[in-house]
Number of protein chains: 2
Amino acid sequence: MASIKDVAAQAGVSVATVSRVLNSHPSVSPDARTRVRAAVDALGYRPNAVARSLRTDQTRTLGLVISDVLNPYFTELARFVEEEARALGYSVIIGNADERPELQDHHVRTLLDRRIDGLLVSPADGDSALMADVARDGTPMVFVDRWMPGVDVPVVRADGRDAIRDLVAHLHALGHRRLAIIAGPAATTTGNERVEAFREALRAHRLTLPDVHIGQGDFQADSGRRVTERFLALPEPPEVVFAADNLMALGALDAIRAAGLRVPQDIGLAAFDDIPWFVHTDPPITAIAQPTGELGRAAVRALVDIVEGRSPRSVTLPARLVVRRSCGEPAPDRRSNR
Amino acid sequence: MASIKDVAAQAGVSVATVSRVLNSHPSVSPDARTRVRAAVDALGYRPNAVARSLRTDQTRTLGLVISDVLNPYFTELARFVEEEARALGYSVIIGNADERPELQDHHVRTLLDRRIDGLLVSPADGDSALMADVARDGTPMVFVDRWMPGVDVPVVRADGRDAIRDLVAHLHALGHRRLAIIAGPAATTTGNERVEAFREALRAHRLTLPDVHIGQGDFQADSGRRVTERFLALPEPPEVVFAADNLMALGALDAIRAAGLRVPQDIGLAAFDDIPWFVHTDPPITAIAQPTGELGRAAVRALVDIVEGRSPRSVTLPARLVVRRSCGEPAPDRRSNR
DNA sequence: CTGAAAGCGCTTACAG
DNA sequence: CTGAAAGCGCTTACAG
């Protein structure tokens, strides 16, 4: 591959001059500029980003460590993150933690080794000493979706409490009393928030959340399946199951179908996270939608603010209930219930 | 951040010695080795991957340019690619082309600027002069899923022809005669292969595929919606629509529902690509499944073979038909039809 | 076994 | 406006 030396030779100038035109430095003569441009084109020269990064100590790259790429919510988040980053002149490298803390730490380390300019993390289960270290060492960092208490960096997330309260009110109004939850890992903030909000909302209706109605999941489909099997085996199974994310809802559907039961006649189902398929499942699923695009964009902006020396803002956006048919809702009078 | 100099100073050796223990070079005295190790731990030293790459001219990083991250098929592919790459000691950087050739080329260029060791591409619509250049310039490269004729690099893909023949036979046996397809971009190999295989299979049953029954899509949901609307507006709408990927099938479902029609009573639907949600849609969708995991792994292995100087193999794996309920199939006698 | 030195491809003060 | 030179953090022949 052609290097800056080749361009300099071809254009008859020094590498310094080539570098200047490449970086649009003002003090270059028009003549030199055109000769360099011509040489660049002729050679198909592209600056070596590795060398540039070593020299300038910046990579114009953001790292994104995501809990689980196979989760459509995170995929969508990643997509918006990349889009906003690109608009601001940054690339993003994604690391998939697969909900495993060790894999998460592996990616954080790899990303740091590559000297990314900033780190966007949605922390997996458990607390990571690494994460606290990174934050303390001054690497620009922000949490998206989930965060870690005690690590002092900006947080961009959705608050699901109001929507969960709306959901419980909705279920209560439909006459349901025995409600259960497939919870995410207690060590994740979203996992914890969703159970607590659910419990509080039940209390407001003088309902309780007995331990047998709290199934411990890990935000992945298999756990939703296992927990639901246990719920169904109860002497008095719950009337409605609330899955704390869309993948566990998928697992719940698998288990319900395998048991030969039907939603919502035999058991109701609601989910946190809304995805396009929920409109077309049998039945369409009542869910809580997050403003994923806004979340991704706001997170990037906060991170770039830190990287570029401005002061970042934490952002909390509301989630909202989307009522469909999976909890025994009456048939809609309109055709579409998207 | 601590550099190799700091470690050398702390351990009382030269940077050369530090570098040797870091790279497990044999000729280092046990004493020096332990002192360096201690210094590394004490300082929390991590080698700067940027500097190392500049010096060694390798990044141990693979680039993956994917057609569309929001497509679950590609998300899954990406996940397996990363997994296999990690097992072989490589990182992967993903670029999302969003089915847009310019965005694809942007990512290819960025990846090349970062001096990735090899490139895995599933080319978007249109032909890219860039891609041919890259291949000619000797950058290790392999195509996954889709490929570009005329660009001489290994291809790892699924062959859908047999499965499509099976699908058409299945539809024919169910009594359907007016079959239509929502095609992918004609300039993509998969887009083209799927229409052609469909057309041939119809011919084998003495059926034709008139132009009005070929809707031009782009592998994304919106196009599936638009094409389906047009099919439904036909004086004689097709009895079954075959969507050439899962996202266009989603769009088709949207359009059918918006028209107040039902699958399969009013119109049948089948899809290329199988995803977990197809078991739970209303009705469960008859689809063609690709061996995504095998594809991703084989692609990485082929690429790493090139990178490390071995000779790579192109791989073609079969896809297979998964019959469910969306084409008017009789109700199953077993509970699960996954 | 060990260290001094060169060099990877850039950028940027410095001097002119 | 321009170039020579230093230096970013590593690795690796070379000499001892």
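In this text, all values refer to a predicted model and were calculated from it rather than measured experimentally. The chains referred to below are lettered A, B, ... by the order of the sequence lines, with proteins before strands, and numbering in each begins at 1. Side chains are part of it too, since the values below use all heavy atoms of this structure and drop only hydrogens, waters and symmetry mates.
Between B:Ala16 and A:Ser3, the residue anchored nearer the 5' end of DNA chain C, judged by the nucleotide with its closest heavy atom, is B:Ala16. Positionally, the nearest nucleotide of DNA chain C for B:Ser14 lies more toward the 5' end than for the other of B:Ser14 and B:Ala51. Where A:Thr17 and B:Asn48 meet DNA chain D, the nucleotide closest to each residue was compared, and A:Thr17 sits on the side nearer the 5' end.
Using a 3.5 Å distance cut-off with no hydrogens or angles, the side chains of B:His107 and A:Glu82 do pair a donor with an acceptor. Between the side chains of A:Asn48 and B:Asp113, no donor-acceptor pair is found at a separation under 3.5 Å. The closest side-chain donor-acceptor pair between B:Gln220 and B:Asp68 falls under 3.5 angstrom.
The side chain of B:Ala32 lies closest to C:dT2, out of D:dT2, C:dG7, C:dT2. Of the candidate nucleotides C:dA6, C:dC1, C:dC10, C:dC10 has the atom nearest to the side chain of A:Tyr45. Picking from D:dG9, D:dA4, D:dT11 the nucleotide with the shortest atom distance to the side chain of B:Asn23 gives D:dT11. Residue A:Ser19 places its side chain closer to C:dT12 than to any other of C:dT12, C:dC8, C:dA4. When distances are taken from the side chain of B:Ile4 to each of C:dC8, D:dC10, D:dC1, the shortest belongs to D:dC10.
Backbone-only engagement by A:Thr56 is indicated by non-hydrogen atom pairs under 4.0 Å involving sugar-phosphate atoms exclusively. Across all strands shown, B:Ser29 has heavy atoms under 4.0 Å from sugar-phosphate atoms exclusively, and none from any base.
One interatomic measurement links the two molecules: NE2 of B:His25 to C1' of D:dT12, which rounds to 9 Å at whole-angstrom precision. In this structure, the CG atom of B:Leu22 is 11 Å from the C1' atom of D:dT11, given to the nearest Å. Taking atom CZ on A:Arg46 and atom P on C:dC10, their separation rounds to 12 Å, with Å as the unit. Summarising the geometry, the separation between CG on B:Asp113 and P on C:dG9 is reported as 15 Å, rounded to the nearest angstrom. B:Leu54 has its CG atom 9 Å from the C1' atom of D:dC8, to the nearest Å. Going from atom CZ of B:Arg60 over to atom P of D:dT11 covers 14 Å, rounded to whole Å. As a whole-Å value, the separation of B:Arg20 CZ from C:dC1 P is 10 Å. For A:Asp57 and C:dT11, the CG to C1' distance is 12 Å, given to the nearest whole Å.
Between A:Glu76 and A:Arg79 no salt bridge is recorded (no basic side-chain N to carboxylate O distance below 4.0 Å).
In this structure, A:Val65 and A:Val108 approach most closely via the heavy-atom pair CG2-CG2, 4.1 Å.
With both pairing distances under 3.5 Å, C:dG3 is matched to D:dC14 as a Watson-Crick or G-U wobble pair.
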